[in-house]
Protein chains: 2
Amino acid sequence: MNIQEDAADGVSPASTSHTSDSALVRSARAARGPSIGDVARAAGVSAQTVSRVSNGLTNVEEKTKQRVLDAMKQLGYRPNRAARALKSGQFKSIGVIMFNLSTYGNRRTLDAIATAASQAGYSVNLIPLHDPTTGTVTGAYTRLKEQDVDGVVIIFEAHLFDRADITLPEDLPAVVIDSSPGYGYPMVDTDQAEGARFATEHLLDLGHQQVWHIGGPVSSFSARHREESWRRTLDEAGIEAPTVLHGDWSTESGYQVGMELGRDREVTAIFAANDQMALGAMRALHELGRLIPEDVSVVGFDDLEESTSFWPPLTTIRQDFLAVGRVSIEKLLQQIAGNTPASVVTTVPTRLMVRQSTAAPAR
Amino acid sequence: MNIQEDAADGVSPASTSHTSDSALVRSARAARGPSIGDVARAAGVSAQTVSRVSNGLTNVEEKTKQRVLDAMKQLGYRPNRAARALKSGQFKSIGVIMFNLSTYGNRRTLDAIATAASQAGYSVNLIPLHDPTTGTVTGAYTRLKEQDVDGVVIIFEAHLFDRADITLPEDLPAVVIDSSPGYGYPMVDTDQAEGARFATEHLLDLGHQQVWHIGGPVSSFSARHREESWRRTLDEAGIEAPTVLHGDWSTESGYQVGMELGRDREVTAIFAANDQMALGAMRALHELGRLIPEDVSVVGFDDLEESTSFWPPLTTIRQDFLAVGRVSIEKLLQQIAGNTPASVVTTVPTRLMVRQSTAAPAR
DNA sequence: ATGAAAGCGCTAACAC
DNA sequence: GTGTTAGCGCTTTCAT
């Protein structure tokens, strides 16, 4: 390896002086900030009182409290996390093990996790993984334990592989985000079944006699749940479900299945297991000259940011990834607090977003 | 919000008992692990000696050292990070501020960062951001400072927007991964210029008289660097660079530019600023009936995982994202250690990967 | 080569 | 309502 170093281009005299400035600041930073004792002295109270104010306890006279607050502000006091951690035995840090950063949903979820954790005063320790084998998961666990995280959120990527054979270590509070059944861990997931029911019922309500389904890969639990729920909904309406054609979540696969379905003039309503396949199917329908929604109605699942700009704007099921993330943190913090809940599946509701890709069937 | 909880499906009797098991384990976990004192007692030495062993100091007799090591292993001792942090004032934690998790390169880089940091005993505190405005960056900084990180790595997404107007706070060691010039901060970047030169020279060496370029968006610094270097390389060979057509990094835009270029029979060699545009261009060439590499040679930039399965397998410039991540951490740790280096740009070398999309021009 | 003492910043427990 | 005391687990300093 032959890594090169050059003086930064574009360093003007101004930025040169700024560089030495920040060097100064940095070395100053090495000196510790004001401690609780400094604040106490400045406010003329005991350290304990400062601690009470700092933790929002009520048994402090309003006047004293103000004095302390002022002293804090003036000195730029920030409590020392390390000392707190040492005292409490908790690091206020949660680990996130995650496969496949690339998925839209995963990114949103991670985001929500980071935000929720941050609001609760926890930091997020990310371990990205590539292949979801027991080995790598265990390794990630080990790394996280060494970092003394207080708990772990594991985000499985149901969209890409079946990782049912993974076993999880047991000595750390954990929450799993996934659609697979029973892990013995608290799990959080979008209500796949509800979403699929909403989609199917919406099409039936519009007057369609039958609803075709473009399924996701059979290896995916969420895809299976969506398919089962679609089938059940038809069942309950006394309709026999037609054969399912499966895609692999990609636009391309949606296009191919869309071509199949579109050629069949019987087909007037399609529920695709995700927005991308819905997009592909719509392209196929366009190419076949079938009008959306006049000839064929299409519903997706996910509600991608772009789905509202598809042509036509896609009716779809919105997954609330933010809630999934938030709820996971909530559950995890409960566990960390010691209220170890029975292993439950928490389910986050979906929402039908009606846009222009669905309508009543033509007579 | 109407979040539902159900007993987990699929919980067999076996997993039920396992659940109560882990509840036990968890409550046990609340009790602190063995401390340095416990180890000392078990080994019949003082706590200091244990500390010395734990920190790999040399002034401990081999025999004592073994006794201590044994005691550690037997008790399952792990040093308490909080106590260390309290003593040293360092948290052994670095923050990562990152835009756009979705990019292949960014993911690889994040990965390398997480790995390198972990190996150095640092944890990684991730703050994902959406829009790269000064405000959000400052906010992220604040959050990280509250978490007492020891330093920050900022990964800009040069591919998507021009964020030259962002100013960075100054009171925390930081490394920026980006292609923009002079920040006053240490920066790490792929050697864009070298890569573009490799690509262009490779085509010239094969005997092509001219090399056309599909540029990235003008708002991107890395795209600009690649274009400049391509132009310089042609210059040096005494060739006047043809007009550049710019894409937006997408396959689709590569396809469109590819169509333009492919219709021109003069064009025998194309250097695309990334692999995706190269892919699009190849599709265009295929559609136009021009053979690759017999009629037209194509070179990309990035070396995506899939590039070896393109048709034909793409000759391209490999970016060593892992090294970028590793080097950033290296630089950051140096800074944290106090060796505040002058603001420099560290450049990570590229590699030409010759595959089947390039050949000598037909006579 | 090893140990004893002190203290990092904070808070729980107990005064008053 | 507020202060005092003690100690979390570790390392630095100084003795031995």
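- For the pair B:Ile177/B:Ile113, a side-chain contact is recorded, criterion being any heavy-atom separation below 4.5 Å from C-beta on.
- We find the CG-CG distance between B:Leu144 and B:Asp150 to be 11.0 Å, quoted to the nearest 0.5 Å.
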Checklist entry - Does the pair A:Asn80 and A:Ser35 meet the rule for a side-chain contact (heavy atoms from CB on, under 4.5 Å), with working shown? => result CA-CA 8 Å; A:Asn80 181 314; A:Ser35 77; over 6 Å; no

Item to check | Per-nucleotide protein contact string for nucleotides 10-16 of chain C, where B marks a base within reach and S marks sugar-phosphate only (heavy atoms under 4.0 Å, - for neither) | outcome: BBBB---

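- Of all heavy-atom pairs spanning A:Met98 and A:Arg107, the tightest one is CE-N, 4.4 Å.
- Across all strands shown, A:Ser88 has no heavy atoms under 4.0 Å from either base or sugar-phosphate atoms.
- Summarising the geometry, atom CZ belonging to B:Arg326 is positioned 11.5 Å from atom CD1 belonging to B:Ile329; distances are rounded to the nearest 0.5 Å.
- By the neighbour-count criterion of 12 heavy atoms within 6.0 Å, atom CD of A:Gln74 is sparsely surrounded, having that number or fewer from other residues, nucleotides or ligands.
- Here A:Ser123 contributes atom OG and B:Phe91 contributes atom CZ; the two are 8.0 Å apart, rounded to the nearest 0.5 Å.
- Contacts between chain B and DNA chain D, taken as any atom within less than 4.0 angstrom of a protein heavy atom, begin and end at D:dC8 to D:dT12.
- One finds no salt bridge joining B:Asp70 and B:Lys73 here, because no Lys/Arg side-chain nitrogen approaches an Asp/Glu carboxylate oxygen to under 4.0 Å.
- In this structure, the CG atom of A:Asp38 is 10 Å from the P atom of C:dC8, given to the nearest Å.
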